[in-house]
Amino acid sequence: MASILIQNGTVVTAERTVAAHILVEGDKIRDIAPSLPVQNADRVIDAAGLLLLPGGIDVHTHLDMPFGGTTSSDDFETGTRAAAFGGTTTIIDFAIQAKGTRMRDALDTWWKKADGRASIDYGLHMIVTDLGEAGLDDMDSMVADGVASFKLFMAYPGVLMVDDATIFQALSRTAKNGALICMHAENGGVIDVIVRRALAEGKTAPINHALTRPVTAESEAVHRAIALAEMAGAPVYIVHLSSEDALNQVREARDRGLPAFAETCPQYLLLSMEELARPGFEGAKYVFTPPLREKHHPPKLWDGLKNDQLQVVSTDHCPFCFEDQKSLGKDDFTKIPNGGPGIENRLQLLFHHGVNLGRLSLNRFVELVATTPAKLFGMYPRKGTLAPGSDADIVIWDPGANHIISAKTHHMRVDYSMFEGFEVQGNARLVMSRGEVVVEEGRFLGKAGRGVYLKRAARGGAWN
Ligand SMILES: [Zn+2]
């Protein structure tokens, strides 16, 4: 069994920061100790002055996803490779049940998309669009296959949206089978009316995407999602929370002791709706849902991360090229494919704007990008921490490395960056996935297809 000894680094987990050596044997961490003998190690890496972090876990990605007549531009090969460059070694992507089909069909489809392409490990959530006759039983069989979480939409009527009865039934089933329901919380019915009004008034530019999706449509849906979960006796996880108003709903629920959880994404922490008003059609680069908000929201979201009202930072990576995909909505903002790229930059942005700027401790940073995602989604302690017996998913992080984010140098298959020109300090120098070095000094050493499907356990951290 190949072994790697990482010497002289600073091991950072959600709980502690400690100078230690790490011994990797095969695909697992064998030992972590103040000092370990060099003999017998096939390779010795000196990590003096560097941080050793658990591999990042991005629980919200959309690779190779059909949307509005096109497909997200990163597939499992290019997307997972870009993730690895940024220090992410595990993703959870979304399989989508097409209406009138079984969840099993969607799972098979997404396994095929990932097979032979993923270079890091991946799990799958199931997007439920139709419970039909067998849907509730199908949820149980998904859990048996390691799909321990489901996503339901309160937005996109006629496409993905389900009604409250469906949401309540699904939540009630998870109270028995231990899966976690993830909610896209926006009041889709109301938004649709506002959108139709805007179009009737000839408002077609990208900025209207933000103007037609009010903050209250999000906070109302978050409130309703939590209320439905409370009635069903199940936890709930709000995806891509974007506003102070929605955050207040989560805080109130948690203050009452309810198992309500939420994630946000770098774009909501660092950008505002002014981006959508850029000249010409450039605002389309920032069209995704929920939309970017006014400038007073991001500071509240940072507070939420610090105070554990938000538990996870994911990306909602869903790239569409500006030239030939976003342009589908040149004359009508509702036809702009919804989504933006981010899978590669999550750790860089959160480290720089969180840790370097004093908003987050190093341990909280690790908790947000790796440990809590692993716990909530049934992968802990195999993933999400550095401990003997855990998978050797290790990021050797250089806290002093300067990097300028740009579409010219990123590895995502998309022709723009939402964070073009952002200067960050702190970047991955070496990335290991199950004991194999997949990125080193800016070179990709992994292989398409080496990533494995993760069977995730039900009754994860949301149930404690
Ligand atoms: Zn999404």
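When a ligand or atom number is given, it counts from 1 through the structure's own listing order.
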Engineer: For residues 189-197, tabulate all N or O donor-acceptor pairs below 3.5 Å that involve a side-chain atom, not counting sequence neighbours.
Structural biologist:
none

Engineer: Taking the ring centre of each residue, are His62 and Phe94 less than 6.0 Å apart?
Structural biologist: yes
Engineer: Where do Ser417 and Ser406 come nearest, in terms of heavy atoms and distance?
Structural biologist: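 For Ser417 versus Ser406, the nearest heavy atoms are CB-C, 4.3 Å.
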Engineer: Taking only residues two or more places apart in sequence, or in another chain, which ones meet Asp115 in a salt bridge (charged side-chain N to carboxylate O under 4.0 Å, His left out)?
Structural biologist: none
Engineer: I'd like to verify the contacts: list protein N, O or S atoms under a distance of 2.8 Å from the Zn ion (ligand 1).
Structural biologist: His60 NE2, His62 NE2, Asp316 OD1
Engineer: Can you name the salt bridge (charged side-chain N to carboxylate O under 4.0 Å, His left out) partners of Asp121, sequence neighbours left out?
Structural biologist: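 Asp121 satisfies salt bridge (charged side-chain N to carboxylate O under 4.0 Å, His left out) with Lys383, Arg434 once adjacent residues are dropped.
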Engineer: Could you label the plane-to-plane angle of the Phe377 and Tyr237 rings as parallel, tilted or perpendicular, counting under 30° as parallel and over 60° as perpendicular?
Structural biologist: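 Phe377 and Tyr237: perpendicular rings.
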